[in-house]
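Report on one structure; see the data block that follows.
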Amino acid sequence: MTTKRLYLPDEDATIALAAQLAPMLCGVHPAFGHEQRGGRIHLHGDLGAGKTSFARALLRASGITGKIKSPSYALIESYNLSNLDFYHLDFYRFSDSREWADAGFRDILDENAVVLIEWPEQAGALLPPPDLDIYLEYADHGRHASLTAHSNKGKLWLTTLALPPQESP
Ligand SMILES: Nc1ncnc2c1ncn2[C@@H]1O[C@H](COP(=O)(O)OP(=O)(O)O)[C@@H](O)[C@H]1O
Ligand SMILES: [Mg+2]
């Protein structure tokens with residue numbers, strides 16, 4: 001397990017972090033070939049911590065155009081670009097694990113897709129560990145971010161990230 005911490009002073013910093021990860025997940029980064037594309041990120045943090053901001057920025061930086069809705073009502077929003085599936089989920093309102101089975105959510109975890117999940121803790125043990133956990137915490141006017149990798153792919157993402165200098169409040 002590898003963890004990196006950084007301070008995101010404003011939303012632009014959150015967007016910049018997502019924009020660095022996007023090419024790695026899309027397989028267009030020099031260090032990540034087409035066959036390595038896809039991956040799962042779990043987003044943790046209180047309401048307003050920036051989970052949706054991060055997910056939206058990652059989708060945007062991946063080339064998705066048009067409206068990117070928060071999946072807080074529909075549970076899931078999906079996109080496809082260059083033959084790659086993107087799933088943005090939000091389990092805030094998730095209460096019944098049958099919803100999970102009924103909606104066939106399980107299948108998307110086996111796909112070579114980009115999967116971003118807000119409030120993964122609401123799904124309890126239904127979710128396997130992601131490649132990367134991102135914890136966002138209010139800190140002064142910005143956010144502390146803690147990134148923990150659980151797979152070799154996630155570790156490679158973290159070592160490839162060019163992190164800005166730390167200027168925590
Ligand atoms: N690093 C940051 N520092 C300060 N504000 C941020 C940062 N990242 C995002 N925000 C702001 O915080 C709010 C996050 O909202 P949202 O992304 O919907 O949160 P969540 O999905 O975690 O509930 C937005 O108003 C956004 O502009
Ligand atoms: Mg949200």
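The shown structure was predicted, so the numbers you read here are calculated from the model rather than taken from an experiment. Indexing begins at 1, ligand by ligand and atom by atom, following the structure's order. Residues: numbered from 1 along the sequence shown.
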What's the shortest distance from [atom] to any protein heavy atom, and which residue and atom give it?
atom	answer
atom 27 (O) of ligand 1	E11 OE1, 2.7 Å
atom 19 (O) of ligand 1	G50 N, 3.2 Å
atom 18 (O) of ligand 1	T52 CB, 3.7 Å
atom 11 (C) of ligand 1	R143 NH2, 3.9 Å
atom 14 (C) of ligand 1	G48 O, 3.3 Å
atom 24 (C) of ligand 1	S53 OG, 4.0 Å

To the nearest 0.5 angstrom, please state how far the [atom1] atom of [X] sits from the [atom2] atom of [Y].
X	Y	atom1	atom2	value
D131	R40	CG	CZ	6.0 Å
E118	E121	CD	CD	10.5 Å
T160	H29	OG1	NE2	5.5 Å

| said: Angle between ring planes, Y92 versus W119, binned at 30° and 60°: parallel, tilted or perpendicular? | reply: tilted
| Closest non-hydrogen atom pair, L156 against Q36 | CD2-OE1, 4.1 Å
What atoms of ligand 1 come within less than 4.0 Å of a heavy atom belonging to [X]?
X	result
P9	3 (N)
L8	1 (N), 2 (C), 3 (N)
K51	17 (O), 19 (O), 20 (P), 21 (O), 22 (O), 23 (O)
T14	1 (N), 2 (C), 7 (C), 8 (N)
L47	23 (O)

| request: Could you check if a side-chain atom of M24 sits within less than 4.5 angstrom of a side-chain atom of L161, using non-hydrogen atoms only? | output: yes
| message | What I'd like to find out is whether the side chain of F86 reaches to under 4.5 Å of the side chain of N80, using heavy atoms alone. | response | no
| With backbone taken as N, CA, C and O and side chain as the heavy atoms from C-beta onward, which portion of E118 lies under 4.0 Å from ligand 1: side chain, backbone, both, or neither? | side chain
| task | Have a look at ligand 1 and work out which part of L136, if any, has a heavy atom under 4.0 Å from it: side chain, backbone, both or neither. | result | neither
| Is it true that L126 and I76 fall in one hydrophobic cluster, defined by side-chain heavy atoms closer than 4.5 Å? | yes
| Same cluster or not: are L89 and Y135 linked, directly or through other Ile, Leu, Val, Met, Phe, Trp or Tyr residues, by side-chain heavy atoms under 4.5 angstrom apart? | no
| said: So for ligand 1, is G142 a polar contact partner (N or O within less than 3.5 Å, distance only)? | reply: no
So is [X] in contact with ligand 1, going by heavy-atom distances below 4.0 Å?
X	answer
A49	yes
H141	yes
D46	yes

| message | At less than 2.8 Å, would any N/O/S atom of S72, backbone or side chain, sit next to the Mg ion (ligand 2)? | response | no
| task | For a side-chain contact (heavy atoms from CB on, under 4.5 Å) with L147, tell me which candidate from T3, L17, D133, T2 qualifies. | result | L17
| message | More than 12 heavy atoms of other residues, nucleotides or ligands under 6.0 Å from CD of Q122: yes or no? | response | yes
| task | Check E118 and report its N/O/S atom nearest to the Mg ion (ligand 2), by atom name. | result | OE1
| message | A cation-pi test, strictly: NZ or CZ of R143 under 6.0 Å from the centre of the six-membered ring of Y138 and no more than 45 degrees from its axis. Yes or no? | response | yes
